[in-house]
There are 2 protein chains.
Amino acid sequence: MTAEAKAAIPASPALTERQEARRRRILHASAQLASRGGFDAVQMREVAEAAGVALGTLYRYFPSKIHLLVATMQDQLQHLHSTLRKHPPSGDSAAERVAETLMRAFRALQREPHLADAMVRALTFADRSVSPEVDTVSRQTTAIILDAMGLDHPTPQQLSAVRVIEHTWHSALITWLSGRASIAQVKIDIETVCRLIDLTAPASD
Amino acid sequence: MTAEAKAAIPASPALTERQEARRRRILHASAQLASRGGFDAVQMREVAEAAGVALGTLYRYFPSKIHLLVATMQDQLQHLHSTLRKHPPSGDSAAERVAETLMRAFRALQREPHLADAMVRALTFADRSVSPEVDTVSRQTTAIILDAMGLDHPTPQQLSAVRVIEHTWHSALITWLSGRASIAQVKIDIETVCRLIDLTAPASD
DNA sequence: ATCAAGTCTGGAACTTGTTCTAGATTAGCG
DNA sequence: CGCTAATCTAGAACAAGTTCCAGACTTGAT
């Protein structure tokens, strides 16, 4: 670990300073517009204007609206993850800590419901052309949950349980965002699915 | 149960015969186009033409492309449900029967992956304006799962488990459709989540 | 059979995501 | 500095979902 501490996008061919600044302005504009009016309010022309770049440039950085919003989600998840690292959950069992972590994330999203709407809709609407990016989001989420469980070397069974928890998390989020489930119901579902963790981690070993 | 056996949409103000026929032609055209090329291939102008109605009429019957595809899903689910009723799952435990049922549904969707893509994308992309219809789909799914469990009067805990299973089912479907998970992985996840059923239904009672 | 209200048709028009083009700017290099 | 390739800008153009409209057709009630 030398001075080269922040290496977020090693795959891309390295951006110049001005390009990095443009990328950041774009993501900021995207989040801003999403916070106002959700998915529909993130209009590519408006994002471009708010970020001070031409429409063509926006499309060079993010090849579609979905790509843009998924990237926005990566950004937000990174914030969340570092916040959570600073204030880890306090429950006794792994299941409790995971449920607590997810509900905390949930309340964070509640504060910006429109932004949550935009990001989650983009995530579930993404087709194959966005798979790599969506996969990154999934890995970030997995990392957050494994952190809460306090595991470094999960078993295949535990990984499967984590995947199921992620499924539940995403889907519950959607039902809440579309007004078909209350926060209370989401809480119950999260707690229910977290019991799976206890199934995969018996007292032994 | 008299001759009035098929009462599917009692909420709407009752359609004439020709209107019912139009509605059916539209749904058929929608499924047809979806089977070919998925969500993107269901273009409203093409649906209208294939169904032999004007574009404005299509929009009178289904106020958006999402409404149309969710209705298409309702239709397909109804088929599936009646098929499943005729050939109930054979597993010994409730968990086994539910997993078997869902995997069977999965294989049915595998046969028409483009159609599955169109319907599921519409379902998860739906916003609040489609909530009632999405809710209907959710209730249909719940009914199928409860059927497989063999329950008439589920406890709240069991209902919560069923909801989590539905969450997992939808989300796993999406990851499979977008090429981020294999069938084998979906199977594992379904079986994993179905273990929740055993947790809510102990040997007693 | 006739009238009023509601429905359907064909087609134009509008919106927003996406693509394309020609010319200006910038970055890297000798 | 001066050149070349890459990048950026402004804006037109295109695609598909959605809305609107004027006129023709149906339906239901009298």
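Lettering of chains follows the sequences in order, A, B, ..., and the numbering in each one begins at 1. Below, all heavy atoms of this structure are taken into account, side chains as well, without hydrogens, waters or symmetry copies.
- A sub-4.0 Å separation between OP1 or OP2 of C:dC8 and a side-chain N or O of B:Tyr61 is present.
- D:dT18 atom C1' lies 13 Å from atom NE2 of B:His67, rounded to whole Å.
- Rounded to an integer number of Å, the gap from CD of B:Glu46 to C1' of D:dA15 is 12 Å.
- Note on A:Val42: only backbone sugar-phosphate atoms sit closer than 4.0 angstrom, heavy atoms only; bases stay farther off.
- The nearest heavy atom of DNA chain D to A:Leu55 and to B:Phe39 marks one nucleotide each, and the one closer to the 5' end goes with A:Leu55.
- Residue B:Leu68 contributes atom CG, which lies 16 Å from atom P of D:dA16 at whole-angstrom precision.
- Under the 6.0 Å distance and 45° angle rule, A:Lys187 does not count as a cation-pi partner of A:Phe106.
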Intermediate values then yes/no, side chain to side chain contact (heavy atoms under 4.5 Å, CB included), B:Ile165 and B:Leu102: CA-CA 10 Å; B:Ile165 291 171; B:Leu102 291 182; 3.6 Å; yes
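- In summary, the side chains of A:Thr168 and B:His167 do not present any donor paired with an acceptor at a separation below 3.5 Å, with no hydrogens or angles considered.
- When each of C:dT16, C:dG28, D:dA10 is scored by its nearest atom to the side-chain atoms of A:Thr16, the top-ranked nucleotide is C:dG28.
- B:Phe62 places its CZ atom 13 Å from the P atom of D:dT18, with the value rounded to the nearest Å.
- Side-chain proximity of A:Tyr59 to the nucleotides D:dT9, C:dT19, C:dC8 is greatest for C:dT19.
- For the pair B:Arg23 CZ and C:dT7 P, the computed distance is 16 Å after rounding to whole Å.
- With B:Val47 as the partner, the side-chain contact (heavy atoms from CB on, under 4.5 Å) test is satisfied by one option alone out of B:Leu55, B:Leu33, B:Val53, B:Leu27: B:Leu33.
- Nearest nucleotide to the A:Arg45 side chain, out of C:dT26, D:dT18, C:dT16: C:dT16.
- B:Arg25 has its CZ atom 11 Å from the C1' atom of C:dC8, to the nearest Å.
- The cationic group of B:Arg121 lies under 6.0 Å from the six-membered ring centre of A:Phe125 and within 45° of the ring axis, placing it in a cation-pi geometry.
- Remark: B:Arg60 is in phosphate contact with C:dC8, judged by side-chain N or O atoms under 4.0 Å from OP1 or OP2.
- Residue A:Asp40 contributes atom CG, which lies 10 Å from atom P of D:dT18 at whole-angstrom precision.
- For D:dC8, the OP1/OP2 oxygens have a side-chain nitrogen or oxygen of A:Arg22 closer than 4.0 Å.
- Put simply, CG on A:Leu58 is 12 Å from P on C:dT19, counting in whole angstrom units.
- Comparing D:dG28, D:dT9, D:dG17 by their closest approach to the side chain of B:Lys65 singles out D:dG17.
- The side chain of A:Gln19 places an N or O atom within less than 4.0 Å of a non-bridging phosphate oxygen (OP1 or OP2) of D:dC8.
- The A:Ser64 side chain lies nearest to C:dT18 when the options are C:dT18, D:dT27, C:dT26.
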